[in-house]
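Take a look at the structure below.
Quick note on labels: first sequence line is chain A, next is B, and so on, each numbered from 1. Note that these values count all heavy atoms, side chains included, but never hydrogens, waters or copies made by symmetry.
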Number of protein chains: 2
Amino acid sequence: MARVGLTTDRVVRAGAELADEVGFDQVTASELARRFDVKVASLYAHVKNSQDLRTRIALLALEELADLAADAVAGRAGKDALVAFANVYRDYGREHPGRATAARMRLDPETAAASAGVRHAQMTRAILRGYDLGEPDQTHAVRLLGSVFHGYSSLELAGGFSHSAPDSEESWTRILDALDALLRNWPATPTP
Amino acid sequence: MARVGLTTDRVVRAGAELADEVGFDQVTASELARRFDVKVASLYAHVKNSQDLRTRIALLALEELADLAADAVAGRAGKDALVAFANVYRDYGREHPGRATAARMRLDPETAAASAGVRHAQMTRAILRGYDLGEPDQTHAVRLLGSVFHGYSSLELAGGFSHSAPDSEESWTRILDALDALLRNWPATPTP
DNA sequence: TGCATTTGCCTAAAGCTTTTAGGCAAATTA
DNA sequence: TAATTTGCCTAAAAGCTTTAGGCAAATGCA
C-alpha cells in the first residue's frame, strides 16, 4: 500500500487550510482523511483525538501570527509600530478566517502558557514602550489592545461591518488613530 | 405515553442552560433529549436541525442581553450610562458563558438583521449621544465599543486575564475610564 | 358527551464522525 | 539480507443527526 507520508505537522497544516476553507468548527478528522485519501483511523496515529487536532491548529495559528507580528514591528516604534502590529491581526483574520478563529480558541492554562500567546503579550508590551505608561496601566493597556484586535477581527469576520457605511477599512484606521491618541493621553486613575 | 410538554421555546431555553453548563459547542440534540427524558427524534418537531437550535440560542441570548442593557441604561447618561451598559455585557459573559458565546456566533445577514443585534447598535448610539461625536466618527466609536466589549468578554472567558496581576476587575474599570476619556476627546481626522 | 382532528412523542433506520484494537507491508537500520 | 520500526489498513463499537411513519393523548366541535 502506497504511503502518503502523513506526519503530525502535515496533518495539522492541512487542518489549518481546511479551517480556512470551511470554518474552524467544520474541521473533522473524516474530512481531513478524505483530503489525504487515507482512512480516518490513520490520522489517529498523528493526533491524539479531534480536540488535540483543533488545539494544534490553534497553536500553529498563534505561532504564525506571532512571527508575522514580530516581522511587522521590527524597526518601528510609536504609532508606526502600533499600526503595523494591529494590521497583522486584522489582515490575518481576513486572509485566514479559520486559523484566526482557532487562535481565539480557549486553551487550558498550561497549553496557553507554553504557546506563542506569551510572545503576543510581550510584543504588545514592547509597543507600549513607545508610550509613557507605568504599571499597572501598561497591563490595562495590553488587555485593552488585545480586546480590540480580537474583538474587531471577530466582528468583522462575522460580517458585522459589511453592508453599512462607512466601510470597515475607514473605521479601522480611525480606531487606530483613536487608540494612539488614547495611549499618548492615558487618563490618571480618578481619585474616588 | 406521558407528554413532557416540549415547545420550541422550552427546548431553546434548555439549550441555553445546557450551553452555560457545558459550553456552547457541546450543545447537542442528544444531550438535550436526555435532559427532557425524551427521544432525540422528538426534538426535531420543535427545531429544524441542530444548527437551527444553536441559532435560536444565539437569538435568545441577544434578546436577553438587549433587555438587560436597556434596563441598565434607562435614566443614565454620559459615563454613567457607558459603565452601566458595558457592565451588562461583562456580567452576562461571566454569568452565562455559554449564552454569551452563542451571542457571538456568526449569523447569516438576514437573521442578524432581524435579531436583537440591531437594538444593541441603537443603544450604543444612544449612549454616544452623551459625547460629542458627529458622523462618521459615531459609527467608528460604535464599532470600537462593540469590539472592546466583545473582545474583553471573550478573552476573560478564555481565562486570559486570570492568574496574573492586576486582576481583571481593575483592568475593566480602568479600561472604561480610558474609553470615557477617549470619547470625550475623540481625535480629529489627521490631515494626511 | 362523543367523535374528529391535531399534535406530541415514539420506534425504526440510515448515514456520518469519533475512537480503539489488531494486522500486514513498506521503510529504515543493522 | 534480516530485523525492526513505522504507516496505513480493516474491523468494529459507540454516539450524534436526521427522516419517515405510527399510535395515543390532547383539543375542538357538534
Side-chain angles (χ1 to χ4, degrees), chain A residues 1-60 97-99 101-102 105-108 111, chain B residues 1-60 97-99 101-102 105-108 111:
Chain A
M1 335 232 110
R3 297 193 178 191
V4 182
L6 295 184
T7 62
T8 299
D9 195 66
R10 283 193 64 203
V11 168
V12 173
R13 269 172 211 291
E17 276 160 39
L18 179 58
D20 286 335
E21 287 174 40
V22 302
F24 183 55
D25 32 45
Q26 309 297 322
V27 172
T28 73
S30 301
E31 179 58 30
L32 220 45
R34 248 171 257 128
R35 299 201 166 200
F36 276 114
D37 199 23
V38 146
K39 298 297 171 181
V40 202
S42 306
L43 292 185
Y44 282 82
H46 303 282
V47 294
K48 267 213 298 291
N49 50 46
S50 80
Q51 183 54 40
D52 180 46
L53 169 63
R54 276 187 282 274
T55 300
R56 285 175 188 273
I57 294 174
L59 294 175
L60 170 65
R99 286 160 151 97
T101 301
M105 190 180 110
R106 181 183 202 143
L107 298 174
D108 59 287
T111 310
Chain B
M1 337 234 106
R3 296 190 176 192
V4 182
L6 295 184
T7 63
T8 300
D9 196 67
R10 284 193 64 204
V11 168
V12 172
R13 271 173 210 292
E17 276 160 39
L18 179 58
D20 286 335
E21 287 174 40
V22 305
F24 183 56
D25 33 44
Q26 309 297 321
V27 172
T28 72
S30 301
E31 179 57 30
L32 220 44
R34 246 171 259 129
R35 299 202 166 198
F36 276 113
D37 200 22
V38 145
K39 298 296 170 180
V40 202
S42 307
L43 292 185
Y44 281 83
H46 304 281
V47 294
K48 266 214 299 292
N49 50 47
S50 80
Q51 183 56 39
D52 180 45
L53 170 63
R54 276 187 281 273
T55 300
R56 284 174 188 275
I57 294 174
L59 294 176
L60 170 66
R99 285 160 151 97
T101 301
M105 190 178 112
R106 180 183 203 144
L107 299 174
D108 60 287
T111 310

Rounded to whole Å, the NZ-P distance (B:K39 to D:dT17) equals 15 Å
Is it true that the side chains of A:S50 and A:R54 contain a donor and an acceptor less than 3.5 Å apart?
yes
Using atom CG of A:D25 as one end and atom P of C:dT17 as the other, report the distance to the nearest whole Å.
15 Å
How far apart are the closest heavy atoms of A:A33 and A:K39, and which atoms are they?
CB-C, 4.0 Å
Just to confirm, is there a sub-4.0 Å distance from OP1 or OP2 of C:dC10 to any side-chain nitrogen or oxygen of B:S42?
yes
Given C:dT18, C:dT19, D:dT17, the nucleotide with the shortest approach to the side chain of A:A29
C:dT18
Round to a whole Å and report the spacing from CD of B:Q26 to C1' of C:dT17.
14 Å
What's the OH-P distance between A:Y44 and D:dA12, to the nearest Å?
19 Å
Among D:dT17, C:dC9, D:dC8, which is the nearest nucleotide to the side chain of A:L6?
D:dC8
Closest of C:dC10, C:dT18, D:dT17 to the B:V38 side chain is C:dC10
Distance, rounded to the nearest Å, where A:R10 contributes CZ and D:dC8 contributes C1'
13 Å
Figure out the CG/P separation between B:L43 and C:dT11, and round it to whole Å.
14 Å
Smallest heavy-atom separation, A:T111 atom then A:T55 atom, equals CG2-CG2, 4.0 Å
Presence of B:S50 side-chain N/O under 4.0 Å of D:dT18 phosphate oxygens OP1/OP2:
yes
Closest to the side chain of B:S30, out of C:dT17, D:dT17, D:dA11, is D:dT17
Output yes when at least one side-chain N/O atom of A:H46 is less than 4.0 Å from OP1 or OP2 of D:dT6, else no.
no
Reckon B:R34 has a side-chain N or O less than 4.0 Å from the OP1 or OP2 of D:dC16?
yes
To the nearest Å, give me how far apart CG (A:L32) and P (C:dT19) are.
13 Å
Counting side-chain heavy atoms from CB outward, which of D:dA11, C:dT11, C:dC16 is closest to A:A41?
D:dA11
Measuring from the side chain of B:R3 (C-beta onward, heavy atoms only), which nucleotide among D:dT18, D:dA24, D:dC16 has the closest atom?
D:dA24
